[in-house]
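Here the structure is a predicted model, which is why all the values come from computation and not from measurement.
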Amino acid sequence: MSAGDLEKHDVLSCIQCGRCTAGCPVSIRTTFNIRGTINLNLRERKKWIQPQDIWSCTTCHTCASRCPKGVGIVDYIMGLRSYQVERGKIDPAARDALESILKHGNPWGRVREKRSDWIGENKVRILQEGESTEVLLFVGCTPAYDPKAQKSAQALSRILAIAGVDFAIMGNSETCCGNEVKRMGELGLFEMLVEDNTNLFSKYKFNKLVTISPHCYNTFKNEYPNLGDKVIHYTQFLVELSEKGKLKLSNDNEAKAIFHDPCFLGKQNLIYEEPRTLLKAVLKEELLEFDRNRERSQCCEGGGGRMWIEVDSDKPRTAEERVRDAHYYGAEILATSCPFCLLTLSDAVKTAGLEDKLQVKDICSIISPGEGEKDGQT
């Protein structure tokens, strides 16, 4: 990394206090040490850490939020990764995910023609070029293709329909937002996706862009041109509908639930209240909280490309620690509002042997109406 790159990310301001490493969710189970990495890079700029170290990072932003000098640590890590990607030094599974995005518009190796199969029997309008809608629902790759995450998309579409929202999706034309692409260091592909998606959005007329995934929300809100004011996460939008009286929420759910703050919704975009507002509106019992919540929330290890990159460690993943904590607090439902969190935590429930004691659910699946419920009420 050049002196210019170090200056660009304010790395030269690093005072080696160690707060970044102390807060890092993966440093306790891997050899990754961001303070040491910065120190090494400052002292010997031609000497590089082992590639597997930088791929441990989930880009959760804990390090950057705790840095007293405002060092752009996450951007710095992405720069290190970009250097490795350019040299072809990347995990094979991550490489395959990136190639799938280039070929099929998603990282899961699925063909584009099946992107709308999640709709099933749900009535969802697919927007045609030149048409308009009040709300453009950006489904995202994981809710479109993963069977468990598809339930989130189905649930949200039912809620929007019951609330009388004029919404539509782009169907098979929708393509990856590129959030994880950038965080894996493939900056050229990310720039291509930004250009392609910007051109795609220009073909439709809409007032709000609602996302299911906080990862999509983050990149559309903060890294795309001319979209920021239109972008809203579904939890924010459902609270708006509730406050306007368009969505009536009934507190008849008797389960004990605890909420897991997704890093890309909480730490990175400071959205803490809306998910809790929705859960409190539908739960009879008081919403449980982790000791590590909100800005201190424990990362599930799903971000930064870690959905496809596994790191060697003899210690349990943070997601497993998270589900064990949820069980300890007496929760029957571990609620979240992120497809990656949904999958990593669900896998962790199985690993921890808690299948009969704890369910992982997306908020929209918790508040979605069941069969035979009246319109306008959940």
Side-chain angles (χ1 to χ4, degrees), residues 1-14 16 20-21 24-27 29-64 71-109 141 175-197 215 218-219 223 264 299 301-313 340:
M1 182 171 283
S2 67
D5 289 328
L6 294 173
E7 184 175 352
K8 179 174 66 175
H9 303 313
D10 294 320
V11 177
L12 298 176
S13 299
C14 176
Q16 291 288 292
C20 52
T21 297
C24 178
V26 296
S27 65
R29 76 179 207 93
T30 71
T31 57
F32 184 57
N33 182 318
I34 187 58
R35 185 199 63 81
T37 300
I38 293 175
N39 180 274
L40 176 62
N41 205 184
L42 288 174
R43 288 187 293 107
E44 303 180 53
R45 294 177 186 171
K46 292 184 178 180
K47 187 173 181 180
W48 288 85
I49 58 172
Q50 293 299 311
Q52 64 265 27
D53 288 334
I54 56 171
W55 297 110
S56 300
C57 176
T58 67
T59 66
C60 71
H61 216 257
T62 300
C63 54
V71 176
I73 302 174
V74 176
D75 290 331
Y76 164 70
I77 292 172
M78 287 191 290
L80 294 176
R81 289 179 170 183
S82 178
Y83 177 79
Q84 297 291 355
V85 169
E86 289 175 359
R87 298 171 62 210
K89 304 292 185 179
I90 186 171
D91 184 275
R95 181 197 60 220
D96 292 345
L98 292 170
E99 288 183 354
S100 178
I101 291 171
L102 178 63
K103 294 178 181 178
H104 308 297
N106 72 85
W108 298 111
C141 299
T175 197
C176 181
C177 68
N179 185 82
E180 298 305 286
V181 172
K182 181 176 181 180
R183 277 139 193 87
M184 284 192 281
E186 230 307 355
L187 303 184
L189 179 56
F190 175 71
E191 291 172 0
M192 187 191 80
L193 290 171
V194 171
E195 182 177 354
D196 289 349
N197 276 319
H215 296 252
N218 178 71
T219 198
E223 298 171 344
F264 278 74
C299 178
E301 288 193 63
R306 287 293 307 282
M307 292 298 293
W308 305 280
I309 301 171
E310 190 55 73
V311 297
D312 293 331
S313 176
F340 286 175

Could you tell me whether the side chain of [Y] reaches within less than 4.5 Å of the side chain of [X], counting heavy atoms only?
X: Ser100; Y: Asn106; value: yes
X: Thr37; Y: Leu80; value: yes
X: Arg81; Y: Cys57; value: yes
X: Lys182; Y: Leu187; value: yes
X: Ile101; Y: Leu193; value: yes
X: Arg95; Y: Val85; value: no

Knowing that exactly one of Thr219, Asn218, Val194 qualifies, which makes a side-chain contact (heavy atoms from CB on, under 4.5 Å) with Cys177? Thr219
Given Met192 and Leu102, is the side-chain contact (heavy atoms from CB on, under 4.5 Å) satisfied, shown in steps? CA-CA 9 Å; Met192 187 191 80; Leu102 178 63; 3.6 Å; yes
Using atom types as modelled and distance alone, determine if a side-chain donor or acceptor of [X] lies under 3.5 Å from a backbone N or O of [Y].
X: Thr21; Y: Arg35; result: yes
X: Glu180; Y: Gly305; result: yes
X: Asp91; Y: Glu310; result: no
X: Gln84; Y: Ile90; result: no
X: Ser82; Y: Met78; result: no

Please report the shortest heavy-atom distance between Cys24 and Phe32, naming the atom on each side. SG-CD2, 4.0 Å
If every non-hydrogen atom of Gly105 is compared with every non-hydrogen atom of Thr175, which pair is closest and at what distance?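 Minimum heavy-atom separation between Gly105 and Thr175: CA-OG1, 3.1 Å.
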Give the C-alpha distance, both sets of side-chain angles, the deciding distance and a yes or no for side-chain contact (heavy atoms from CB on, under 4.5 Å) between Phe264 and Thr59. CA-CA 9 Å; Phe264 278 74; Thr59 66; 3.6 Å; yes
Just wondering, more than 12 heavy atoms not from Glu195 lying within 6.0 Å of its CD?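 No, not enclosed.
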SG (Cys141) and NE2 (His215) are apart, to the nearest 0.5 Å, by 12.0 Å
Enter the distance from Glu186:CD to Glu191:CD here, rounded to the nearest 0.5 Å. 9.5 Å
Flag the pair Glu223 and Arg183 as a salt bridge only when some basic side-chain nitrogen lies within less than 4.0 angstrom of an acidic carboxylate oxygen. yes
So, are Arg29 and Glu301 salt-bridged, with charged N and O less than 4.0 Å apart?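 Yes.
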For Thr58 and Val26, run side-chain contact (heavy atoms from CB on, under 4.5 Å): C-alpha distance rounded to whole Å, both residues' side-chain angles, the deciding distance at 0.1 Å, then the answer. CA-CA 8 Å; Thr58 67; Val26 296; 4.0 Å; yes
Residues two or more places apart in sequence or in another chain: which of them pass side-chain contact (heavy atoms from CB on, under 4.5 Å) with Cys63? Cys20, Ile73, Val74
Measure centre to centre between the rings of Trp108 and Trp308, then say whether the value is under 6.0 Å.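 That pair passes the under 6.0 Å test.
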Tyr76/Ile38 under side-chain contact (heavy atoms from CB on, under 4.5 Å): CA gap, chis, key distance, verdict: CA-CA 9 Å; Tyr76 164 70; Ile38 293 175; 3.5 Å; yes
